[in-house]
Asker: 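This is the structure I have questions about; it appears just below.
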Amino acid sequence: QEQFIDKPNRWNNSISIQSVVSNLAVPMANGVTISDAETPFLSDVVEGSVDYKGRLVTRSKSGGWRSASFIIGVEVAERFAYYGIDSNLISYLTGPLGQSVASAAENVNVWSGTASLLPLLGAFIADSYLGRYRTIIIFSVLYILGLGFLTLSTVLPSSHSDCQDTATCSPPKFQIIFFFFSLYLVAFGQGGHKPCVQAFGADQFDPQDPEESKAKSSFFNWWYFGMCGGLFMTVCILNYVQDNLSWGLGFGIPCIVMGLALVVFLLGSFTYRFHQSSDEKNPFIRIGNVFINAARNWQTTTSAISVEQEVQGIQPHEGSEQFKFLNKALLAPNGSKENGKICSISEVEEAKAILRLIPIWTTCLVYAIVFSQSSTFFTKQGATMDRSLGSNFEVPAASLQSFISLSVVIFIPIYDRILVPVARAVTGKPSGITMLQRIGTGIFLSILSMVVAAIIEKKRLQTALEHGLVDMPKATVPMSICWLIPQYILFGISDVFTMVGLQEFFYDQVPVELKSIGLSLYLSIFGIGSFLSSFLISVTENITGKDGQTSWFSDNLNRAHLDYFYWVLAVLSTIAFTAYLYFSRSYIYNKSSSL
């Protein structure tokens, strides 16, 4: 029997389990039919899924939390590796590479944005060609290679190592080029790994089974729990290693951990469920044909569409009046009789489902801009404050990001085990509240976090002024770094609602063959958000720093005005939140959605 690993099945996909049962219904000598004997086993079979050898799989021996535990473990390791680079990258750029604060923040945002957009490419490759399993393995190898090169770039001998002031000298150009090549190879590797691992994990739960369907909703909660667990370990361990021991060791540890993650993923192969590919057209072609046919029939009247719907027996439903122009794809172009060019109602509904995501995607972009501040300006803010704990220990500024992870790790069990059951009892919905209600709650909390951040930054500037430190950028402002903790905690609780909600929403609301694409769309929010953050910083820098004025992002943060920037983000977030409420109220969920 040929090996099967996440590739199109060679069986006739039209054969259902019920037909297998009927074919086995042959009387035996003792009067018991095979169907009677085998039905308990066959009822446990997961329809539409096979194991790595292409055999039918059962719920009791495959998938579920058994497989998801391997995949969540991989996610913990991968996030440990990724945030081992991302969380303290601004410190490396402003330190060993000698960049200014504004330039470093822009570079971090551009890299982070690229890393969040590349999953669109990785998901396309997985959903169209390689399958999720193969894509995860191939891109994991590239990921590990990038981390290895990154480590090597930091330990290369150079004249810069003898320089006493990193602000006045920089390493050789080759070392800088090699560093950024390695950095973007890491981004490329995680671009194929990230959306496929999460989609592959959600695939381990059968949506047709009530218990597993409920477990899948919890999977997204515990997935994010594991992800933040990895981030928590990063900021507690790696940031200290990077700031106090060695950047080479600080980048080398993620490389080793990512290698172990690949081993763990491969060990779980015997338990995984692999979705069978259907014999239908490529989903990109199906959806693209809807838009093409609708455009060709742009002159078609509404009455002609209504007649065609009656002929096809299509009953009016909630979504039929939305994006009505796509209903023109139900007719053959130019009135021809070629049925092959007519789109089915299911294909039209798939296209409408994708269009419905656009307003939600767009209105969440400002949330992503806010999200990007925790690893850039929050970190530089903390670096100016009193970070001492006791007489001998100084907290790395980037380590405060651990409070985001810690608040997530604490709040997710509360949300999953207490708030969801209570909300479920009130609303009758399996998930307690709808996905869009969950996302909106988090966006509102992110606005509060920006308001708190602006108030705390104003106090920091006032403290620096009172102690005569305005023109002493390297002096420590006598204000404890613990003042920043509330804005980090609000970020974390916001993530529990919005980040997890977006993951589940974009996985749930796309066609079944495009689950990786759905999750990459969620990630692209943060990619575009990072680019927008970089653009906003650049524009603000040019406007506020012209004519010899002090920029809001001055390298001397005691003369800068990050508080003004935070207020701008709070206002933009409020405008975006208002638009989000408008579009979410009219959103029509897919029929298969459990909300």
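As the structure is a prediction and not an experimental result, all values here were calculated from the model. FYI, the numbering just counts along the sequence from 1.
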Asker: Output yes when a side-chain donor or acceptor of Gln204 lies under 3.5 Å from a complementary backbone atom of Arg273, and no otherwise.
Answerer: yes
Asker: Hey, is the main chain of Val108 close enough, under 3.5 Å, to the side chain of Ser112 for a donor-acceptor pair?
Answerer: no
Asker: How far apart are the closest heavy atoms of Ile354 and Val510, and which atoms are they?
Answerer: CD1-CG1, 4.3 Å
Asker: Verify whether the ring centers belonging to Phe505 and Tyr587 lie closer than 6.0 Å.
Answerer: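 Centroid distance Phe505-Tyr587: below 6.0 Å, so yes.
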Asker: Could you tell me the separation between the CG atom of Leu262 and the NE2 atom of His193, rounded to the nearest 0.5 Å?
Answerer: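 One finds 7.5 Å between CG of Leu262 and NE2 of His193.
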Asker: Using side-chain heavy atoms (C-beta onward) and a distance below 4.5 Å, is Pro413 in contact with Phe225?
Answerer: yes
Asker: Within the side chain of Ser446, is there an N or O that forms a donor-acceptor pair under 3.5 Å with the backbone of Ile443?
Answerer: yes
Asker: Establish, from distance only, whether the side-chain atoms of Asp203 and Tyr507 form a donor-acceptor pair under 3.5 Å.
Answerer: yes
Asker: Just say parallel, tilted or perpendicular for the rings of Phe444 and Phe577, cut-offs at 30° and 60°.
Answerer: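 Rings of Phe444 and Phe577: tilted, 30 to 60°.
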Asker: Do the non-hydrogen side-chain atoms of Leu89 and Leu183 ever get within less than 4.5 Å of each other?
Answerer: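 Answer yes - side chains close enough.
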Asker: Is there a side-chain contact between Arg79 and Lys194 (heavy atoms, below 4.5 Å)?
Answerer: yes
Asker: Closest heavy-atom contact between Gly146 and Val186?
Answerer: C-CG2, 3.5 Å
Asker: Has the side chain of Arg132 got a donor or acceptor atom that lies under 3.5 Å from a matching backbone atom of Ala123?
Answerer: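 No: the side chain of Arg132 does not pair with the backbone of Ala123.
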Asker: Would you say the ring centers of Phe220 and Phe205 fall short of 6.0 Å from each other?
Answerer: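 No, too far apart.
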Asker: Give me the atom names and distance for the closest heavy-atom approach of Ile525 to Cys364.
Answerer: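 Looking at all heavy atoms of both residues, the closest pair is CG2-O, 3.6 Å.
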Asker: Take atom CZ of Phe178 as the centre, draw a 6.0 Å sphere, and report whether it contains more than 12 heavy atoms from other residues, nucleotides or ligands.
Answerer: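 Yes, because the 6.0 Å sphere around CZ of Phe178 holds more than 12 heavy atoms from other groups.
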Asker: Take Phe411 and Phe497 through the test ring pair (Phe, Tyr, Trp, His ring centres under 6.0 Å) and record every step on the way to the result.
Answerer: CA-CA 10 Å; Phe411 192 71; Phe497 286 96; 5.7 Å; yes
Asker: Do Phe180 and Ile176 come close enough that some side-chain heavy atom pair is under 4.5 Å?
Answerer: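 Touching, per the 4.5 Å side-chain cut-off.
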Asker: Could you check whether any side-chain N or O of Tyr367 sits under 3.5 Å from a backbone N or O of Gly529, counting only pairs where one atom can act as donor and the other as acceptor?
Answerer: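 Checking the backbone N and O of Gly529 against the side chain of Tyr367, no donor-acceptor pair under 3.5 Å is found.
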Asker: Which is it for Thr498 and Phe371 under the side-chain contact (heavy atoms from CB on, under 4.5 Å) test, yes or no, and what are the steps along the way?
Answerer: CA-CA 11 Å; Thr498 298; Phe371 178 81; over 6 Å; no
Asker: Would you mind reporting whether Tyr133 and Leu266 have side-chain heavy atoms less than 4.5 Å apart?
Answerer: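 In short, these two side chains touch, coming nearer than 4.5 Å.
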Asker: Evaluate the side-chain proximity of Phe531 to Thr114: yes if any heavy-atom separation is below 4.5 Å, no if none is.
Answerer: yes
Asker: Indicate the ring-plane relationship of Phe274 and Tyr272, choosing parallel, tilted or perpendicular according to the 30° and 60° boundaries.
Answerer: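 Answer is perpendicular, since the angle exceeds 60°.
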Asker: May I ask you to check whether Trp223 and Phe200 place their ring centers less than 6.0 Å from one another?
Answerer: no
Asker: If we ignore hydrogens and angles and just use 3.5 Å, is the side chain of Glu504 paired with the main-chain N or O of Met435 as donor and acceptor?
Answerer: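 Checked: no pair found.
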Asker: Could you walk me through whether Ile72 and Phe219 satisfy the side-chain contact (heavy atoms from CB on, under 4.5 Å) test, starting with their C-alpha distance in whole Å, then the side-chain angles of each, then the deciding distance to 0.1 Å, before giving a yes or no?
Answerer: CA-CA 9 Å; Ile72 290 175; Phe219 166 77; 4.0 Å; yes
Asker: Using modelled atom types only, decide if a donor and an acceptor are shared between the side chain of Gln190 and the backbone of Glu78 within a distance under 3.5 Å.
Answerer: no
Asker: Report the distance from atom OG1 of Thr434 to atom CD1 of Ile439, rounding to the nearest 0.5 Å.
Answerer: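 Thr434 OG1 to Ile439 CD1: 8.5 Å, rounded to 0.5 Å.
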Asker: Is the distance between the ring centroids of Phe251 and Tyr92 less than 6.0 Å?
Answerer: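 Between Tyr92 and Phe251, which both carry aromatic rings, the centre distance is below 6.0 Å.
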Asker: Does any non-hydrogen side-chain atom of Trp247 lie less than 4.5 Å from one of Asn88?
Answerer: yes
Asker: Do you know the tightest heavy-atom contact between Thr135 and Gly192?
Answerer: CG2-O, 3.7 Å
Asker: Roughly how far, to the nearest 0.5 Å, is the CD1 atom of Ile137 from the CG atom of Leu142?
Answerer: 12.5 Å
Asker: Do Phe378 and Tyr488 have ring centres separated by under 6.0 Å?
Answerer: yes
Asker: Quick one: closest heavy-atom pair of Gly259 and Ile144, and the distance?
Answerer: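 Shortest heavy-atom contact: CA-CD1, 3.6 Å.
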Asker: Tell me, with the steps shown, if Tyr184 and Trp111 meet side-chain contact (heavy atoms from CB on, under 4.5 Å).
Answerer: CA-CA 7 Å; Tyr184 278 89; Trp111 177 76; 3.9 Å; yes
Asker: Could you go through the side-chain contact (heavy atoms from CB on, under 4.5 Å) check for Val74 and Ile136 one step at a time?
Answerer: CA-CA 11 Å; Val74 170; Ile136 291 168; 5.9 Å; no
Asker: Once you round to the nearest 0.5 Å, how far does CH2 of Trp65 lie from CD1 of Ile71?
Answerer: 11.0 Å
Asker: Closest approach of Ala423 and Ile433, non-hydrogen atoms and distance?
Answerer: CB-CG2, 4.2 Å
Asker: Hey, what do you get for CD1 (Ile528) to CG (Leu365), rounding to the nearest 0.5 Å?
Answerer: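 It is 7.0 Å, given to the nearest 0.5 Å.
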Asker: Side-chain contact test, heavy atoms from C-beta onward, threshold under 4.5 Å: evaluate it for Leu238 versus Tyr83 and give yes or no.
Answerer: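 No. Closest side-chain heavy atoms not under 4.5 Å.
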Asker: When you measure from the side chain of Thr363 to the backbone N and O of Ile360, does any donor-acceptor pair fall under 3.5 Å?
Answerer: yes
Asker: Are the ring centres of Tyr143 and Tyr82 closer than 6.0 Å?
Answerer: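 Between Tyr82 and Tyr143, which both carry aromatic rings, the centre distance is not below 6.0 Å.
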Asker: To the nearest 0.5 Å, what is the distance between CG on Leu532 and OG on Ser372?
Answerer: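 Leu532 CG to Ser372 OG: 9.0 Å, rounded to 0.5 Å.
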